[in-house]
Amino acid sequence: MKKIFVIMICAVMCASCMDNLLDQKTLDQLSPDSFYTNETEVRMGLMGIYSSFVDEWHQYDFMSDNCYCHHSWQGSLEFSEWKQNSSSSRALSKWRIAYRTIGRVNKFLDNVEKAPIDETVKNTMKGEARMIRGYFYADLVHFYGDVPLVLKELSLDEAKVSRTPKAEVLKAAEEDFDFAITHLQVSAPETGRATKGAAQAFKARMYLYNKEWSKAASLCKDIIDSEVYQLYPDYGAVFEESNENNVEVIFDIQYIKNVRVQPWPTNGTSFTEWPTAGITLSAIDAFNMKSTGKPITDQTSGYDEQNPFNNRDPRMGATYVLPNSPFIGGAPYIPAAQDGELQTCFRPRKYADIDNADRGNCAVNLILMRYADVLLMRAEALIEMGQITDEVYDLINEVRQRPSVMMPKIEQAEGQNLNQNQLREIVRHERHVEFGMEFTRYSDMRRWELESAIKDVWGFNKAKLTDPSSANTWSFERIKLASRSFDPKKGWLWPIPLEEIQNNGNLTQNPGY
């Protein structure tokens, strides 16, 4: 009772000073009313948007036929088996990351107008913010379909919004990308910030994902004709920290050791130490033979099932750690000896930061768009439009014949005068092997509605891959590790998170959930 009495007295005393307190500026935090007064503060607001641009990107590969993450707590297993539901953690985290970032963009755009800075600088920063907002809205509709379209800061009374038709959301994203393309430069003010090429490329991806082939093809041609980007000669080196921000990178997530490292768990931790970063035989089998360019299922390909890694597409070894290939410290990777719980006998190499002993201090940038994607997007769009010319062959061959890869050209491996269906399969295959562990395979499967890719998980029997001194005596035996099957009731969209529906009664659920 004495404590309550003291509190009441203090409350009365505080009330007498309330008028003066209300006139004071907040001293311990930034307020929009006292912020955005100069270019430095505007830049700080913009960097807050970039810092929100995070996700566990590799989990999307774990949801595809490329990978097998058998620990359910990481959230990708149920999606890979088509057993996801409205309470799935990944559906909620993706939704919240997107809307958190969109909220920061809206706050920035609502307040930057009053900033007394050069209009050109202001429009450049607005272009960066709008490109990021366009990226997230295009991504949201790809995963969830209709989603709330919010283009300004909302009060609590306004926050319970309904889902907006997909076409309207895409239109808003298109307008964001257009503004960005108009006001961004070819070169960014600082490494890692958005550029005109990035806005063009993400807009092209949005068109491609929504089957607007002509628009996608045109934008990709603009990027190609700009001659700003080119393929980096060494495929594996594209993804190494020492070669970051190379000529092939169009947009990536920037990390710096000891300053801004990858969020936990870093790729360095999950890819080299954890027993859940399994690569499936489906991913390995996708790589063709180097000498003939033919798939391993072709009787004339030259494939030897007891020498399965011999004479294969060089991108296979650059993307994945194969049994008896160099691993930590250059020692050979022996699945039975080093991976007691990992089941498939393969690990990621791309982005794995294998030689960094400080696993939690991983600073390898994660590339969200690179030039090879532009080449293959244009090729795919032209194929879908039925414009089968030499250019389609040239675009795919350019990716295949990077100096460190040099896979046979289409004309040598698959032949000439191919029809639309044949070239469609070729470009889809090329995307599969070119972008392993780059977060695109799961989206490709979904946008192509590729039920054939939702298949059982197979690996090698690691009990027969043991003694590193006698790898020539190894026996490669295929074993089934898990079952996967498509659920047509759920289709290709993700669930609207249940928690969001409970917080906002105006949200509705997708079919099958």
Side-chain angles (χ1 to χ4, degrees), residues 53 57-58 60-61 131 135 180-181 184-205 208 216-217 219-256 262 267 287 313-320 348-353 363-381 391 394-407 409 427 429-441 443-444:
F53 208 129
W57 306 100
H58 58 265
Y60 299 108
D61 265 273
M131 190 209 80
Y135 168 91
I181 292 168
L184 295 181
Q185 302 301 311
V186 170
S187 299
E190 295 173 312
T191 300
R193 290 169 64 178
T195 61
K196 178 179 181 179
Q200 289 173 314
F202 285 126
K203 186 182 179 187
R205 177 180 287 176
L208 192 81
L219 269 171
C220 289
K221 189 174 190 307
D222 288 343
I223 299 170
I224 294 168
D225 290 347
S226 72
E227 299 184 347
V228 174
Y229 310 99
Q230 57 184 324
L231 297 179
Y232 194 73
D234 187 338
Y235 176 80
V238 171
F239 312 97
E240 295 175 359
E241 189 173 2
S242 58
N243 294 311
E244 287 177 344
N245 307 305
N246 58 71
V247 294
E248 187 167 344
V249 177
I250 297 178
F251 188 81
D252 59 358
I253 306 299
Q254 299 279 314
Y255 295 107
I256 305 173
Q262 290 182 10
N267 284 8
F287 292 91
D313 186 329
R315 289 173 291 187
M316 181 175 72
T319 304
Y320 304 119
R349 183 178 300 280
K350 191 183 291 183
Y351 292 130
D353 204 15
V364 178
N365 292 354
L366 301 182
I367 303 169
L368 299 189
M369 181 64 70
R370 59 186 177 92
Y371 186 58
D373 207 342
V374 173
L375 296 174
L376 293 182
M377 284 196 294
R378 177 161 172 82
E380 180 180 346
E391 184 187 1
D394 293 342
L395 290 164
I396 299 173
N397 287 337
E398 184 175 352
V399 175
R400 284 188 179 185
Q401 297 229 300
R402 186 194 303 259
S404 66
V405 176
M406 292 304 294
M407 287 294 289
K409 294 180 178 181
V427 76
H429 168 264
E430 202 63 31
R431 290 191 63 85
H432 191 183
V433 297
E434 175 72 16
F435 300 119
M437 298 310 303
E438 292 186 58
F439 340 120
T440 61
R441 176 61 177 171
S443 286
D444 282 346

Next on the checklist: Using salt bridge (charged side-chain N to carboxylate O under 4.0 Å, His left out), reason through Arg402 and Glu434 one step at a time and then give a plain yes or no.
Outcome noted: CA-CA 11 Å; Arg402 186 194 303 259; Glu434 175 72 16; 3.1 Å; yes
What heavy-atom pair brings [X] and [Y] nearest, and what distance separates the two atoms?
X      : Y      : answer
Ile181 : Ala199 : CG1-CB, 3.7 Å
Ala201 : Met377 : O-CE, 3.9 Å
Leu219 : Ala204 : CD1-N, 3.7 Å
Glu244 : Ala363 : OE2-O, 3.2 Å

Checklist entry - So does Glu227 have more than 12 non-hydrogen atoms from other groups sitting under 6.0 Å from CD? => result no
Checklist entry - With sequence neighbours left out, what residues match Phe287 under ring-ring contact (aromatic ring centres under 6.0 Å, His included)? => result none
Item to check | With Tyr320 via ring-ring contact (aromatic ring centres under 6.0 Å, His included) - residues at least two apart | outcome: none
Just wondering, do [Y] and [X] contact through their side chains at under 4.5 Å, heavy atoms?
X      : Y      : result
Met369 : Phe202 : yes
Pro314 : Met407 : yes
Asn243 : Val238 : no
Phe251 : Thr195 : no
Arg349 : Met437 : no
Asp373 : Arg205 : yes
Ile396 : Glu380 : no
Leu376 : Leu395 : no

Next on the checklist: Could you walk me through whether Asp313 and Val433 satisfy the side chain to side chain contact (heavy atoms under 4.5 Å, CB included) test, starting with their C-alpha distance in whole Å, then the side-chain angles of each, then the deciding distance to 0.1 Å, before giving a yes or no?
Outcome noted: CA-CA 9 Å; Asp313 186 329; Val433 297; 4.3 Å; yes
Item to check | Charged N-O contact under 4.0 Å between Arg370 and Asp252 | outcome: no
Given 3.5 Å as the limit, does a donor-acceptor pair link the side chain of [X] with the main chain of [Y], or not?
X      : Y      : value
Glu248 : Tyr232 : yes
Asn365 : Tyr255 : yes
Gln262 : Val364 : yes

Checklist entry - For residues Lys203 and Tyr135, is any side-chain donor paired with an opposing acceptor at under 3.5 Å? => result no
Checklist entry - For residues Asn245 and Gln254, is any side-chain donor paired with an opposing acceptor at under 3.5 Å? => result yes
Checklist entry - Hey, what's the ring geometry for Phe239 with Tyr235, parallel, tilted or perpendicular (30° and 60° as the breaks)? => result perpendicular
Roughly how far apart are [X] [atom1] and [Y] [atom2], rounded to 0.5 Å?
X      : Y      : atom1 : atom2 : value
Leu375 : Asn397 : CG    : CG    : 11.5 Å
Arg315 : Ser404 : CZ    : OG    : 9.0 Å
Arg193 : Glu190 : CZ    : CD    : 5.0 Å
Glu398 : Glu391 : CD    : CD    : 10.5 Å
Gln185 : Lys196 : CD    : NZ    : 8.5 Å
Ile253 : Phe53  : CD1   : CZ    : 5.0 Å

Checklist entry - Residues two or more places apart in sequence or in another chain: which of them pass side-chain contact (heavy atoms from CB on, under 4.5 Å) with Ala216? => result Tyr207, Leu208, Ala381
Checklist entry - side chain to side chain contact (heavy atoms under 4.5 Å, CB included) between Tyr371 and Val247: does it pass, once the steps are laid out? => result CA-CA 8 Å; Tyr371 186 58; Val247 294; over 6 Å; no
Checklist entry - Below 6.0 angstrom between ring centroids: does that apply to Phe435 and Phe439? => result no
Checklist entry - Between Arg431 and Thr440, is a side chain to side chain contact (heavy atoms under 4.5 Å, CB included) present by the stated rule, with each step listed? => result CA-CA 9 Å; Arg431 290 191 63 85; Thr440 61; 4.2 Å; yes
Next on the checklist: Let's go through Arg378 and Val374 carefully: what are the C-alpha distance in whole Å and the side-chain angles of both, what is the deciding distance for side chain to side chain contact (heavy atoms under 4.5 Å, CB included) to 0.1 Å, and is it a yes or a no?
Outcome noted: CA-CA 6 Å; Arg378 177 161 172 82; Val374 173; 5.7 Å; no
